[in-house]
Amino acid sequence: MSTFDILLLGSGGREHALGRALAADPEVGHLHIAPGNPGLSPLGTRHAIDPADPDAVVALARELGVDLVVIGPENPLVAGVADALHAAGIDCFGPTRAAAVLEGSKAFAKEIMAAAGVPTADARVCDTLEQAIAAIDEFGPTYVIKNDGLAAGKGVVVTDDRDAAIAHAKSCGKVVIESFLDGPEVSLFVICDGERGIPLLPAQDFKRVGDGDAGPNTGGMGAYAPLPWAPEGLVAEVMERVVAPTLTEMRRRGTPFTGLLYVGLALTSRSGTQVVEFNVRFGDPETQAVLALLKTPLAGVLRAAARGELDTIGELEWDSRSAVVVVEAATGYPGVPRTGGLIKLPADDAHAWTLQAGTAEVDGQLVSAAGRVLGMVGIGDDLEAARTHAYARLAELDFADGFHRSDIGIPH
Ligand code: GLY
């Protein structure tokens, strides 16, 4: 079998999960990661460049002679790394800067959804605080206030407290104020080649910091897949009513979407399936659970998407079991996390394994280096078994400075 080489950009838990899947693909010759984290070191060669610097990425990809670049996080996409790679003739999984605006601007995402007829919450785009306050009072509680631009997982505030809603709007500048969508949330990831999309398993993440969804929003404290409670036909419905018209609208505008379209959904009681948000990259931590169940080798699928050839890929094959990922965060998160705490990892096996995110190596010791430090993945015959494996292994983790939610994997 001929093989090909990959450069993976990013350094979080999502990239550790992607790196694990790519390194396990027999079609992959060598995996390079920039910059990665210590968990990725055994899987390939790490390179200390800024993944959001288009010139640095192109120079590294050329020097290494890689056949495909896979972009993990949103910042390189919004910075135009995919555009620079296209100009250099290097295949890239990830949207262009123009297509990445689907995540980079909440107002633009709403404009696309309206043009494509995608079901979503009613919204007002506000440039001034006066406009924002008027919209907040027009919709009433529960208030949903979204910073228009990228805000590293801290851009959205959902609250019943009018003062807190106004304070967030004030701190943002341009904001999108929306009507509240009730009902359980679903993350559906779709691998797209500009024209077609292939869905992954639906997942659910846990955004609030505390048990029972208490406390502030975070980047995500855990996730599980698949969703035993999801209505039959949900994925087909979303592909037809959301993904297909969105891909058509993006193509019509001359900015076709190639990469991962992350569709955040609410299954509302009154108006059915509605889109909460689009992102333009794999979700974190849902990816850690979803990829644990993917049986089809990933690299060939991402390369086909990058080349506009998803029609050569059939349906993806999945493990029929369940997967849960529990995030271990550093004390203080989602405020200022305490870093530098010593970590001793438990052993990995087929039931549970650790994915690293905010870690670093200092003097040969593994230490915490950011808010979300690790993700413990558990896999089992059903959700309860997967939860049991993840939490049992987490109990063997030696990390005094950390905490986690105890209810990850219980549908909410
Ligand atoms: N899990 C939320 C996100 O990736 O944005």
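Note that this is a predicted model, so its numbers are computed, not measured. As the structure lists them, so they are numbered: ligands from 1, and atoms in each ligand from 1.
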Asker: Tell me whether Gly219 reaches ligand 1 (any heavy atom closer than 4.0 angstrom to a ligand atom).
Answerer: yes
Asker: Just checking, any donor-acceptor pair under 3.5 angstrom between side chains of Asp160 and Thr142?
Answerer: yes
Asker: If you measure every N/O of Glu277 against every N/O of ligand 1, is any gap under 3.5 Å?
Answerer: no
Asker: Could you establish whether Phe282 and ligand 1 come within less than 4.0 Å of each other, counting only heavy atoms on the residue side?
Answerer: no
Asker: Which of the numbered atoms in ligand 1 are under 4.0 angstrom from any heavy atom belonging to Gly283?
Answerer: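 Counting atoms of ligand 1 from 1, those under 4.0 Å from Gly283 are 4 (O).
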Asker: Less than 4.0 angstrom from a charged side-chain N to a carboxylate O is my criterion; do Glu178 and Lys146 meet it?
Answerer: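 Judged by the 4.0 Å cut-off on N to carboxylate O distance, Glu178 and Lys146 do form a salt bridge.
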Asker: To check your reading of the model: name the closest protein heavy atom to atom 5 (O) of ligand 1, its residue, and the distance in Å.
Answerer: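 Minimum-distance protein heavy atom for atom 5 (O) of ligand 1 reads Arg281 NH2, 3.0 Å.
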Asker: Below 3.5 angstrom, do we get any N/O pair linking Glu286 and ligand 1?
Answerer: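 Right, the criterion is met.
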Asker: Nearest 0.5 Å please: distance from the CD atom of Glu315 over to the OG1 atom of Thr296.
Answerer: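 The CD atom of Glu315 sits 9.5 Å away from the OG1 atom of Thr296.
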Asker: Report, in ascending order of atom number, the atoms of ligand 1 lying under 4.0 Å from any heavy atom of Asp205.
Answerer: 1 (N), 2 (C)
Asker: Would you say Gly220 contacts ligand 1, with heavy atoms under 4.0 Å as the rule?
Answerer: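 No; Gly220 lies far enough from ligand 1 that no heavy-atom distance drops under 4.0 Å.
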Asker: Less than 6.0 angstrom from the centroid, inside 45 degrees of the normal: does Arg303 satisfy that with respect to the ring of Phe4?
Answerer: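 Positive - Arg303 is close enough to the ring of Phe4 and near enough to its axis.
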Asker: Side chain to side chain donor-acceptor pair (under 3.5 Å) with Tyr262: which of Glu74, Glu286, Glu103?
Answerer: Glu286
Asker: Contact between Arg14 and ligand 1, counting heavy atoms under 4.0 Å?
Answerer: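 No heavy atom of Arg14 comes that close to ligand 1.
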Asker: Output yes when a side-chain donor or acceptor of Arg251 lies under 3.5 Å from a complementary backbone atom of Pro256, and no otherwise.
Answerer: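 No; zero donor-acceptor contacts below 3.5 Å.
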Asker: For the pair Asp319 and Lys295, find out whether any cationic side-chain nitrogen is under 4.0 Å from an anionic carboxylate oxygen.
Answerer: no
